[in-house]
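Chain naming here is simple, since letters A, B, ... match the order of the sequence lines and numbering starts at 1 in each.
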There are 2 protein chains.
Amino acid sequence: MKQNKLFFNVGIKNTKQRNLVYDILHQSSQPITAEEIFLKYQELDEAISLSTIYRILDLFSTKGLIIKTYINENTKACFIINHHDHKHYLICKNCKKVVEIDGCPFTTYEKELEEKTSFTIQGHKLELFGLCGGCKDSLL
Amino acid sequence: MKQNKLFFNVGIKNTKQRNLVYDILHQSSQPITAEEIFLKYQELDEAISLSTIYRILDLFSTKGLIIKTYINENTKACFIINHHDHKHYLICKNCKKVVEIDGCPFTTYEKELEEKTSFTIQGHKLELFGLCGGCKDSLL
DNA sequence: ATGCAAATGCAAACTATTCGCATGTGATTA
DNA sequence: TAATCACATGCGAATAGTTTGCATTTGCAT
């Protein structure tokens, strides 16, 4: 029961399920899917309804606690804790490992583009794909 | 029947359905979904089975004639003709219009990253979001 | 023109996600 | 601390997008 203050701050009730789902997200170094959370939940506690997981993820997203993203051309949504900093990802095509990239190479580029296109740019998403060190070696 | 050579080159049969689906993709300035193709097909010819559309899109993708992409955090797949040049997109959050961006600001950045992370980078995906000129005005 | 592999159409299956409704639970108030 | 009530949960059914199995049709090499 460590996140009662966090939940209180965004005006949502503190429940066992929300706490544990938050923990699972917090302990995950990678974006994870609803189903992965569902499975891990069952390891740590008794069963939970998958629809509850989806409702919790939805709530956390709208409250800004987590970010929903469709990484890696996948059909499943992934979720990550919102650290409120700007992140990009490097994804291994082979093992699907996701690595955070520090920094963002875009600020000046966006300004130029706004002038060229008459768009107002509000954000961007960048994913880089390739092979991580481990996979590169093991594929030879 | 204009693409018989194109289809022959990649080793697939020439059918009415494939021709028309290819035409529709070719004439679209934006990435389009299977369902949009399905609807447009019915305007131009008689009905087609939606599963045929999916099978054709799958085939075109594996033959490299088109590109399948999940743009705009959408749950639906989108498809575009593969012009074999490297493109990025600017997407209006309001009207969902998709505009192609010329050029790519990445080549040097990727080199630096490879050194830092020990990944071999094979490609990337960049989407920028904002409001297009029209929507910006109409929202005030 | 014929034959056969491959393409199509239809319906059913599948996967990820959402929704309706009955029941259970957290947190506010007395 | 107990009562209350809005809100959270669980379950199953519904939905949306996509895929698959199978019978029928069609393109194309001969």
Do the two ring centres, one from [X] and one from [Y], sit under 6.0 Å apart?
{"X": "B:F38", "Y": "B:Y41", "answer": "no"}
{"X": "B:F60", "Y": "B:F7", "answer": "yes"}
{"X": "A:H86", "Y": "A:H84", "answer": "no"}

Worksheet item: For A:T52 and D:dG10, is the shortest distance between a side-chain N/O and OP1 or OP2 below 4.0 Å?
Response: yes
(message) Is the phosphate of C:dG9 approached by B:Q17 (side-chain N or O, under 4.0 Å from OP1 or OP2)?
(response) yes
Side chain to side chain contact (heavy atoms under 4.5 Å, CB included) test vs A:L25 passes for just one of A:I37, A:I56, A:I80, namely A:I37
Whole angstroms only, please: what is the [atom1]-[atom2] distance between [X] and [N]?
{"X": "B:L57", "N": "D:dT18", "atom1": "CG", "atom2": "P", "result": "9 Å"}
{"X": "A:N14", "N": "C:dG26", "atom1": "CG", "atom2": "C1'", "result": "8 Å"}
{"X": "A:K13", "N": "D:dT4", "atom1": "NZ", "atom2": "C1'", "result": "11 Å"}
{"X": "B:I37", "N": "D:dT18", "atom1": "CD1", "atom2": "P", "result": "11 Å"}
{"X": "B:E46", "N": "C:dG9", "atom1": "CD", "atom2": "C1'", "result": "12 Å"}
{"X": "A:L20", "N": "D:dG10", "atom1": "CG", "atom2": "P", "result": "11 Å"}
{"X": "B:I56", "N": "D:dG27", "atom1": "CD1", "atom2": "P", "result": "12 Å"}
{"X": "B:F8", "N": "D:dG27", "atom1": "CZ", "atom2": "P", "result": "17 Å"}

Scanning all shown strands, the Watson-Crick or wobble mate of C:dT18 with both distances under 3.5 Å is D:dA13
Practice prompt. Look at all strands and tell whether B:I12 reaches a base, only sugar-phosphate, or nothing, counting heavy atoms closer than 4.0 Å.
Written response: nothing
- Query: Are B:K116 and A:D102 ion-paired here, with the side-chain N under 4.0 Å from a carboxylate O?
  - Reply: no
5' to 3', nucleotides 14-21 of chain C under a 4.0 Å protein heavy-atom cut-off (B base, S sugar-phosphate only, - none) gives --SBBBB-
Between B:H88 and the options B:H124, B:K125, B:E127, B:E100, the side chain to side chain donor-acceptor pair (under 3.5 Å) test singles out B:H124
Is there a ring pair (Phe, Tyr, Trp, His ring centres under 6.0 Å) between A:Y109 and B:F106? Walk through the geometry before answering. CA-CA 11 Å; A:Y109 179 67; B:F106 272 112; 7.8 Å; no
